[in-house]
Amino acid sequence: MIDLKKLRDDPARFEKGAKAKGSSVDIQRLLELDEARRKLTVAQEACRAEQKRISKEMGPELGKRKGMLKKAEGEEKARLESEIAELEARPSALKAEIHAFDEQIAANEPEWRDLLLAIPQPPADDVPIGASSDDNVELSQWHPDGFDPAIPFAEQRGFAPKTHVELIDSLDLVDFERGVKMAGSRSYVLKGDGMRLHQAMLRYAFDFMTQENGFTPMNVPVIVREECMVGTGFFPGGRDQAYHVEESRRGAGQDLFLTGTGEVGLMGYHADEIIDRSELPITYTTVSTCFRREAGAAGKDTAGLYRVHQFDKVEQVVIHEADEEEHRAWHRKMIGYVETMLQRLELPYRLLQCCTGDLGTKNEDMIDVECWIPGRGKDGPDGRPTGDWGETHSASRLSDFQTRRLNLRYRDENKRTVFPYALNNTVLASPRILIPMLEIHQQEDGTILIPEPLRPYMGDLERIG
RNA sequence: GGAGAGGUGGCGGAGCGGUUGAACGCGCCAGUCUCGAAAACUGGUAUGGCCUCCGGGUCAUCGAGGGUUCGAAUCCCUCCCUCUCCGCCA
């Protein structure tokens with residue numbers, strides 16, 4: 001959520017930001033509604049103040065007369081009744097007025113709220129303008145000795161690569177057919193060494209964050225209330241991407257939603273709290289199952305493990321003091337963790353600066369990490385894919401957008417409450433990461449060589465197959 | 001799932017229709033005392049919105065929302081949550 005005060009001060013900044021993100025939200029309309037709302041509130045508060053004053057002044061008198069009225073008869077009764085009517089006249093009128101204001105305020109509340117939640121966080125000034133992911137800008141590349149994505153796979157490895165789907169099939173690592181039988185399209189079953197590798201990678205990534213980088217390990221709910229989804233900025237915009245558990249239809253008061261990322265639980269954890277400054281920065285990591293409907297992605301990445309409804313992800317989240325420089329430093333640091341890990345896993349990757357059109361509502365900056373996937377991309381003359389980059393990580397800088405929505409604050413050195421800044425980044429998402437993993441580390445004989453760091457997590461297994 | 005109890009400030013805990021944003025205690029902060037500390041004493045100690053001639057003013061908030069009333073922490077309704085006992089169960 002954006003800061004309404006900042007919006008009033010500088011609407012042009014937000015209009016420019018919304019445009020750059022390709023949002024058509026009507027900011028002028030929100031300003032109008034907000035102005036009307038404040039005018040009504042001021043007028044209503046004046047009425048309330050008077051009502052309060054009158055009530056304190058004459059309330060007890062009124063109470064006394066009402067008490068006497070019960071016993072009174074004849075002339076005295078008539079006198080009391082008229083006195084009471086006189087005393088009640090003004091407050092009654094005020095009450096009606098206040099009620100009328102209430103109705104007016106309530107009438108424009110839904111539209112006001114919807115607009116406020118829909119206004120995107122303006123991108124940082126140095127984020128390149130662009131319409132879609134096609135306009136993202138490559139920042140850097142890394143590849144291990146012995147494999148350069150710029151050179152065709154066969155040329156440097158001496159054999160034609162299999163796609164991950166083919167490898168999975170020949171090594172019996174995943175059962176798509178039975179997955180679909182049980183749970184529909186985009187479902188799968190990891191089995192045997194497929195499951196072992198999946199677990200090994202998650203466990204390695206989790207230990208890397210908690211043991212080497214000191215992040216606090218967490219396990220958080222993956223089925224949450226709507227406020228969590230709104231607070232973290234996924235709703236209302238991404239409502240159709242989340243699985244909806246309609247508990248209300250079974251008599252419960254509230255519906256629940258399956259989270260698409262551990263970020264929801266890690267950020268929602270401190271919602272509505274005022275954290276002590278000494279607790280910052282907060283660094284959390286979780287491994288959680290993620291659920292995504294992938295609505296609107298029909299026909300995209302249908303084969304294999306790239307785009308699935310359910311996966312597991314190690315996620316990192318940082319909450320720190322509201323400071324621009326620190327914010328950027330953490331962003332680099334969190335991306336650095338991922339780079340270190342991918343280098344140890346010997347997976348070629350590149351960093352992509354996402355353009356404004358690819359940021360989504362909540363981010364002010366986002367850098368994606370893409371791994372090289374030989375079995376992806378356009379087909380070559382031999383009818384085989386020529387390889388392409390595939391997104392495996394996404395590092396977001398959110399400034400105070402999320403903490404404001406979550407009402408998560410800290411107290412600064414002047415004892416004032418401030419919304420801290422938050423970031424999140426994937427550490428490792430599997431099974432998607434298995435795609436580059438299997439394809440890059442495949443050997444000519446069809447086996448998969450397991451990178452050193454993962455072996456302890458697989459009973460010292462050196463290769464699959 | 002059944003039966004019961006209850007949700008008040010950082011915590012404990014009063015209040016149960018009329019200056020109650022809320023007694024009292026603890027905690028915390030500042031001051032006095034002290035070489036310093038402890039103790040004691042004194043004072044202070046919620047969050048948010050809006051308005052502001054920047055002195056302040058004002059409204060809201062006692063789990064959440066709605067209602068009754070001139071007036072609600074107090075009465076009514078709905079929901080959420082916690083606890084105890086029983087049942088079921090990974």
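Each chain gets a letter, A, B and so on, in the order the sequences are listed, and its residues count up from 1.
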* Mind jotting down which residue pairs meet the salt bridge (charged side-chain N to carboxylate O under 4.0 Å, His left out) criterion with at least one end in residues 178-202 of chain A? Sequence neighbours excluded, please. => A:D172-A:K191, A:D175-A:R178, A:D193-A:R196
* Which pairs, with at least one residue in residues 213-236 of chain A and sequence neighbours excluded, count as a salt bridge (charged side-chain N to carboxylate O under 4.0 Å, His left out)? -> A:E226-A:R239
* Check salt bridge (Lys or Arg N to Asp or Glu O under 4.0 Å) between A:K19 and all other residues, then give those that pass, not counting sequence neighbours. => none
* To do: Can you establish whether the number of heavy atoms outside A:H99 located under 6.0 Å from its atom NE2 is more than 12?
  => no
Partners passing ring pair (Phe, Tyr, Trp, His ring centres under 6.0 Å) against [X] (at least two apart in sequence or in another chain):
X: A:H393; result: none
X: A:F235; result: A:F257
X: A:Y269; result: A:Y284

* **side chain to side chain donor-acceptor pair (under 3.5 Å) partners for A:R203, two or more places apart** =>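 Residues passing side chain to side chain donor-acceptor pair (under 3.5 Å) with A:R203: A:D207.
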Would you tabulate the nitrogen or oxygen pairs shorter than 3.5 Å linking the protein to nucleotides 81-83 of chain B?
residue: B:C81; atom: OP1; partner: A:R225; partner atom: NH2; Å: 2.8

* Asked: Between atom CD in A:Q51 and atom P in B:U69, what is the gap in whole Å?
  -> 13 Å
* Mind checking which stems touch RNA chain B? I mean at least 3 consecutive Watson-Crick or G-U pairs, both distances under 3.5 Å. => B:1-7 with B:80-86, B:10-12 with B:24-26, B:27-32 with B:40-45, B:46-51 with B:56-61, B:63-67 with B:75-79
Please table the atom pairs, donor to acceptor, closer than 3.5 Å between any side-chain atom in residues 431-438 of chain A and protein atoms at least two apart or in another chain.
residue: A:R432; atom: NE; partner: A:Y306; partner atom: O; Å: 2.9
residue: A:R432; atom: NH1; partner: A:Y306; partner atom: OH; Å: 3.4
residue: A:R432; atom: NH1; partner: A:E391; partner atom: O; Å: 2.7
residue: A:R432; atom: NH2; partner: A:Y306; partner atom: O; Å: 3.1

* Syn-anti status, with the boundary at 90° from 0, for the nucleotide B:G27 -> anti
* For A:I274, answer base if it contacts any base atom (sugar-phosphate contacts may also be present), sugar-phosphate if it contacts only those atoms, and nothing otherwise; contact means non-hydrogen atoms under 4.0 Å. =>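 Sugar-phosphate contact only.
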* Which is true for A:R409 with a 4.0 Å heavy-atom rule: it touches a base, it touches only sugar-phosphate, or it touches nothing? ->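 Sugar-phosphate, no base atom in range.
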Acceptor/donor pairs from residues 458-465 of chain A side chains to any protein atom, 3.5 angstrom cut, sequence neighbours excluded:
residue: A:R463; atom: NH1; partner: A:T447; partner atom: OG1; Å: 2.9

* Asked: Which value, in whole Å, describes the distance between the P atoms of nucleotides B:A73 and B:A60?
  -> 9 Å
Report all interatomic pairs (protein N or O, nucleotide N or O of nucleotides 49-59 of chain B) with separations under 3.5 Å.
residue: B:G49; atom: N2; partner: A:E45; partner atom: OE1; Å: 2.6
residue: B:G49; atom: N2; partner: A:E45; partner atom: OE2; Å: 2.4
residue: B:C50; atom: OP1; partner: A:R8; partner atom: NH2; Å: 2.9
residue: B:C51; atom: OP1; partner: A:R38; partner atom: NH1; Å: 2.6

